[in-house]
Amino acid sequence: MEKIVINGGKPLNGEVSISGAKNAVVAIIPATILAQDVCRIENIPNISDVSMMIRILQQLGAGIKMINKNTLEIDTSTINSYMVSHSLTKHLRASYYLLGALLGRYGCARVAMPGGCDFGVRPIDLHIKGFELLGASVSIEENAIIDARSDMLTGSPIYLDQVSVGATINVMLAAVKAKGLTVIENAAKEPHIVDLANFLNSMGADIRGAGTDVIKIRGVDILHGCTYSIIPDQIEAGTYMVAAAATGGRVLVKNVIPKHLESITAKLIESGVHVEEYDDSVLIESTGRPKHCNIKTMPHPGFPTDMQPQISVLLSIADGTSIVSEGVWDNRFRYVEQLIRMGASISVDGKLAVIQGVERLKGAPIKADDLRAGAAMLIAGLCATGTTEIENIIHIDRGYEDVVEKFRLLGADIKRVTVEPISQIANIV
Ligand code: EPZ
């Protein structure tokens with residue numbers, strides 16, 4: 001077990017390079033199953049969600065060759081199973097993409113219910129509805145195995161009642177080799193949807209409209225291997241942008257697509273932060289104590305829910321009162337309890353948080369409740385006075401490559417320390 005210890009209050013300064021996008025790669029790795037060939041994927045972030053996804057593909061029979069830290073060759077011609085057990089799916093939400101990919105390749109998939117961050121109820125009814133409209137029969141068995149099968153998947157119009165990243169991706173995976181035309185309406189528009197469509201098209205798929213709310217997929221018989229580089233991670237970039245602002249620093253965030261960051265940039269500017277955009281980087285420069293502002297999270301291109309905990313830390317030390325409204329998940333304010341331990345003044349009512357800015361946060365022992373909550377705890381520790389110890393950092397490692405090293409290179413006093421398990425201490429005593 002490890003924890004992260006931060007001696008806070010130091011402005012971040014320098015340059016940081018952003019890794020490949022977690023939420024793109026966790027869809028693209030399963031998508032390689034559809035090719036029955038070798039795919040070379042570059043700019044893969046070295047994070048535990050990727051390790052877990054690779055382990056799942058290996059268990060299915062794929063050959064995985066690591067070319068370097070961020071490049072993999074995945075040979076899916078050797079896959080010989082369409083079943084994924086709970087011991088593998090319980091660690092990450094994106095394991096449900098195995099359903100669409102295996103269904104698309106074999107016409108059948110048996111995948112255990114996915115795990116992932118806990119934000120209250122996380123239904124998969126829209127995924128199932130999409131598969132059924134493509135002609136699959138889907139059942140959820142008593143042991144929480146989702147079984148989907150079809151003699152022949154056939155393209156269909158599919159209207160998603162709610163904008164869903166996961167359902168849009170799963171339908172794309174299942175439809176790409178289906179017979180005829182599938183039209184997804186009210187599709188999600190996140191950058192990782194576009195990245196997946198570009199990847200599938202590089203394998204020979206015929207997908208148009210990704211990035212708009214209507215995606216048209218004309219089924220093809222065969223997909224082939226390709227070489228593909230993952231886009232930069234919008235949320236990792238946003239996390240460093242907010243950390244720079246919250247610590248009163250000046251940071252050049254490199255290897256980004258500034259267009260993907262517009263909603264985050266707009267809110268930083270509104271809170272008084274100086275932001276300069278270049279072709280593939282953004283400069284963040286604090287101009288003093290941040291100003292209050294209101295946030296409402298929404299599907300892309302709105303302000304991302306995955307940046308809500310991080311920006312709330314900035315607003316917790318802003319001048320004035322801010323209102324943060326969570327528009328995607330039912331229960332994404334659990335981390336507020338930790339910020340209050342650090343001296344923040346925040347009250348939560350359902351999906352709404354009222355944040356009264358305080359002059360500064362004070363270091364405390366805290367924990368990461370989930371991935372982005374963990375990112376928020378890092379920012380809180382970096383801008384607080386005194387020492388902050390963050391436990392449960394396993395969540396942070398799911399989505400942030402070399403996070404301690406990256407912050408240390410920006411001048412933070414931050415380290416990982418090993419925590420002795422209670423059982424070992426008990427043995428010594
Ligand atoms: C993806 O989750 C991301 N995960 C999440 O990021 C992110 O918070 C979320 O999209 C929203 O942007 C991955 O990409 C692996 P949704 P996903 O389906 O696909 C409801 C992170 O921190 N809904 O877009 O599971 C649902 O309850 C993670 O990186 C249904 O009602 O989210 C929610 O209110 C955490 N029925 C809304 O739609 C369904 O069948 C959006 O969920 C599916 C979803």
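Just so you know, ligand 1 is whichever comes first in the structure, and atom 1 is the first atom listed for that ligand. Treat the numbers as computed from the prediction; the structure is a model and nothing was measured. Because only heavy atoms are used, hydrogens play no part in the values below, and waters and symmetry mates are left out as well, while side chains stay in. If you read the sequence from its start, that first residue is 1, and numbering goes on from there.
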Atom 29 (O) of ligand 1 - nearest protein heavy atom and its distance: R372 NH2, 2.8 Å
Note the single closest protein heavy atom to atom 38 (O) of ligand 1, along with its residue, its atom name and the distance in Å. Q162 NE2, 3.3 Å
Nearest-option assignment for atom 13 (C) of ligand 1, heavy atoms, candidates D125, I235, L92, N23: N23
So for ligand 1, is L126 a polar contact partner (N or O within less than 3.5 Å, distance only)? yes
Look at ligand 1 and say whether M298 reaches it with a heavy atom at a distance under 4.0 Å. no
Given T297, V165, T168, identify the one with the heavy atom nearest to atom 1 (C) of ligand 1. V165
Among all the protein's non-hydrogen atoms, which is closest to atom 18 (O) of ligand 1, and how far away is it? S164 OG, 2.6 Å
Is it the case that ligand 1 has an N or O less than 3.5 angstrom from some N or O of V26? no
Tell me whether W329 has any N or O atom under 3.5 angstrom from an N or O of ligand 1. yes
M152 side chain reached by K179 side chain, heavy atoms, under 4.5 Å: yes
Between R332 and ligand 1, which part of the residue brings a heavy atom under 4.0 Å of the ligand: side chain, backbone, both or neither? side chain
Distance-only polar pair, side chains of Y400 and R372, donor-acceptor under 3.5 Å: yes
Under 3.5 Å, is there a donor on one side chain and an acceptor on the other for T305 and E326? yes
Regarding ligand 1, does A94 bring an N or O atom to under 3.5 Å of one of the ligand's N or O atoms? no
Is the count of non-hydrogen atoms from other residues, nucleotides or ligands lying under 6.0 Å from E73 atom CD greater than 12? yes
N80 atom CG, over 12 foreign heavy atoms within 6.0 Å: yes
Just jot down the ligand 1 atoms closer than 4.0 angstrom to any heavy atom of K22, in number order. 21 (C), 29 (O)
Quick check on K296: does its NZ atom have over 12 non-hydrogen neighbours (other residues, nucleotides or ligands) under 6.0 Å away? yes
Exceeds 12 heavy-atom contacts within 6.0 angstrom, atom CZ of R408: yes
What protein heavy atom sits nearest atom 2 (O) of ligand 1, and how far away is it? R122 NH2, 3.5 Å
Could you please spell out the steps behind the side-chain hydrogen bond (donor to acceptor under 3.5 Å, both in side chains) verdict for Y335 and Q308? CA-CA 11 Å; Y335 66 89; Q308 183 258 97; 2.4 Å; yes
Test your reading of the structure: does A167 have an N or O sitting under 3.5 Å from an N or O of ligand 1? no
Classify the angle between the aromatic ring planes of H300 and H260 as parallel (below 30°), tilted (30 to 60°) or perpendicular (above 60°). perpendicular
Flag the pair T168 / L160 as yes when at least one side-chain heavy-atom distance between them is below 4.5 Å, and no otherwise. yes
Which of the atoms in ligand 1, numbered in the order shown and given with their element, are less than 4.0 Å from a heavy-atom of V328? 33 (C), 34 (O), 41 (C)
Is the closest N or O pair between T305 and ligand 1 shorter than 3.5 Å? no
According to the interplanar angle, ranging from 0 to 90°, do the rings of Y106 and Y82 count as parallel (below 30°), tilted (30 to 60°) or perpendicular (above 60°)? tilted
Using heavy-atom distances, let me know which of P304, P123, A375 sits nearest atom 31 (O) of ligand 1. P123
Starting from atom 17 (P) of ligand 1, which protein heavy atom do you reach first, and at what distance in Å? Y96 OH, 3.3 Å
Residue, atom name and distance, where the atom is the protein heavy atom closest to atom 6 (O) of ligand 1: D306 OD2, 2.8 Å
Hey, is NZ on K351 packed in by over 12 heavy atoms from elsewhere, all under 6.0 Å? yes
Check ligand 1 against G166 and write out every atom of the ligand that is under 4.0 Å from a heavy-atom position of the residue. 18 (O), 19 (O)
